[in-house]
Amino acid sequence: MTVTELGLPGLRLAPAGDEARPDDARLIDRFGRVATDLRVSLTDHCNLRCTYCMPAEGLDWLPSEQLLTDTEIVRLVRIGVAHLGIEEVRFTGGEPLLRKGLESILSQVSALSPRPEISLTTNGIGLARRAGALVAAGVDRLNVSLDTLRPQRFKTVTRRDRLTDVLHGMAAARAEGLDPVKVNTVLLRGVNDDEAVGLLRYCLAGGYQLRFIEQMPLDAQHSWQREAMVTAEEILARLRGSFTLTPDPTERGAAPAERWLVDGGPGTVGVIASVTRPFCGDCDRTRLTGDGQLRSCLFARGETDLRILLRGGASDEMIADTWRAAMWRKAAGHGIDDPGFLQPDRPMSAIGG
Ligand code: SAM
Ligand code: SF4
């Protein structure tokens, strides 16, 4: 077998043609990775307008007839867990709390066998009211996005005056017993990059697990610039000015965050260095957009239309085979550093972050 040097940690096997795919029911790819983590976007709508994600006026939302129905979503998730070895399902968007019927989708997915782990990524607006119902419907884990603790700044970053709602939502999730509640933060140079320490103190005190995410070229406006991005190194340097960070000895596995114990633990902080330290070699993800397009990667340039199969009467096995074939062709990495890198046509909010 020819082994290609890919320059990405963790990639083990050489590429081979489609005909070389072994007879394996799981979502394997040519590089030896196995996708077990399904990300489902429930809507591309959002009630915030984070500057690094969406323009102030919003986007051309997907036409409603193209959106998957609740039944179609549950069917695809069932095919994933029953036929393809999916172990975890994360619902996201857009803002998943805006999806009518969210709790019903969650309950149906939590009744599947084998039952997948169920998680949700949300901006936290409305969470204070809904946390109990979400837990009752089966949510095991929750990520809330929070980029600043200053109301005026929150308004600048998200273009909405809703900081208090988010903080109440986070507290409600903890009060419902969700543990950990993870907090996702994107730092923007000259905007909120002086808040790394303050956000970590807040999260440690509240029992939240904070993770900083490097800003990625996935904004609808295509305004991302590598030079402007706050890197993992910079974030860690800022934190080390106030805390002692030691590598968390817990097995990282396919988790994207590198984790550190803060001042000896038990509190931790994570950094997701998608750009400067890509973890593509350990990626275990497969993604469905709100309109039923399968993506093997956030940065994939192509999609596979499962909606047309669903609506055309395809059997579960036909859909599973199409899914397997698409994942087999998953690229080695996101290629952000390649000279020919092209940002995907869909922004993060439409793919599902
Ligand atoms: N609306 C929900 C939220 O904000 O949590 C879920 C969808 S949002 C696209 C998921 C995550 O992606 C959020 O934590 C958000 O901060 C992050 N995100 C959005 N655009 C990003 C970008 N260009 N680079 C890095 N992270 C981004
Ligand atoms: Fe909405 Fe999440 Fe994008 Fe912010 S990051 S605009 S909350 S989808």
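Order of appearance sets the numbers: ligands from 1, and atoms from 1 within every ligand. When reading the values below, keep in mind they use all heavy atoms of this one structure, side chains included, and skip hydrogens, waters and symmetry mates.
- Listed by number with element, the atoms of ligand 1 under 4.0 Å from a non-hydrogen atom of Glu214 are 25 (C).
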Q) Can you check side chain to side chain donor-acceptor pair (under 3.5 Å) on Arg78 and Gln108, steps first, answer last? A) CA-CA 9 Å; Arg78 180 176 55 70; Gln108 292 178 67; over 6 Å; no
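- Both the backbone and the side chain of Thr121 come within 4.0 Å of ligand 1, judged by heavy-atom distances.
- Not a single N or O atom of Ser349, backbone or side chain, sits closer than 3.5 Å to an N or O atom of ligand 1.
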Q) Do Asn47 and Glu95 pass the side chain to side chain donor-acceptor pair (under 3.5 Å) test, and can you show the C-alpha distance, the side-chain angles, and the key distance before you say yes or no? A) CA-CA 7 Å; Asn47 40 13; Glu95 176 44 47; 6.0 Å; no
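- We find that Asp179 and Arg174 are joined by a salt bridge, their nearest charged nitrogen and carboxylate oxygen being less than 4.0 Å apart.
- Test Val271, Thr268, Val269 against Arg259 for side chain to side chain contact (heavy atoms under 4.5 Å, CB included) and you get one pass: Thr268.
- Annotation for ligand 1: atoms under 4.0 Å from non-hydrogen atoms of Asn184 are 14 (O).
- Counted within 6.0 Å of NE2 on His168, heavy atoms from surrounding residues, nucleotides or ligands total 12 or fewer; the atom is thus considered open.
- Ionic pairing of Glu303 and Arg346 is present here: one or more N-O contacts between side-chain nitrogen and carboxylate oxygen are shorter than 4.0 angstrom.
- In terms of polar-atom proximity, defined here as any N/O pair under 3.5 Å, Met216 does make such a contact with ligand 1.
- Neither the backbone nor the side chain of Thr185 has a heavy atom within less than 4.0 Å of ligand 1.
- Scanning all protein heavy atoms for the shortest distance to atom 8 (S) of ligand 1 gives Gly93 O, 4.4 Å.
- Ionic pairing of Arg307 and Glu72 is not present here: no N-O contact between side-chain nitrogen and carboxylate oxygen is shorter than 4.0 angstrom.
- Scanning the protein for heavy atoms near atom 3 (Fe) of ligand 2, the closest one is Cys53 SG, 2.4 Å.
- For Gly94, the closest heavy-atom approach to ligand 1 falls below 4.0 Å.
- Ion pair Arg115/Asp140 flagged as a salt bridge, since at least one NZ, NE, NH1 or NH2 atom sits closer than 4.0 Å to an Asp/Glu carboxylate oxygen.
- At under 3.5 Å, a nitrogen or oxygen of Tyr52, whether backbone or side chain, sits near a nitrogen or oxygen of ligand 1.
- Close approach to Thr92 involves these atoms of ligand 1, each under 4.0 Å from a residue heavy atom: 6 (C), 7 (C).
- Distance from atom 3 (C) of ligand 1 to its nearest protein heavy atom, with residue and atom name: Ser145 OG, 3.3 Å.
- The residue among Glu95, Gln215, Met348, Arg211 with a heavy atom at the shortest distance from atom 2 (C) of ligand 1 is Glu95.
- Of the charged side-chain nitrogens involved, none lies within less than 4.0 Å of a carboxylate oxygen, so that Glu214 and Arg277 do not count as a salt-bridged pair.
- Residue contacts with ligand 2, taken as heavy atom pairs separated by less than 4.0 Å, involve Cys46 solely via side-chain atoms from C-beta onward.
- Across Thr43 and Arg99, no two heavy atoms sit closer than the pair CG2-N, 4.5 Å.
- Interface of Val186 with ligand 1, defined as ligand atoms under 4.0 Å from a residue heavy atom, comprises 16 (O), 26 (N).
- In terms of protein heavy atoms, atom 4 (Fe) of ligand 2 is closest to Cys50 SG, 2.3 Å.
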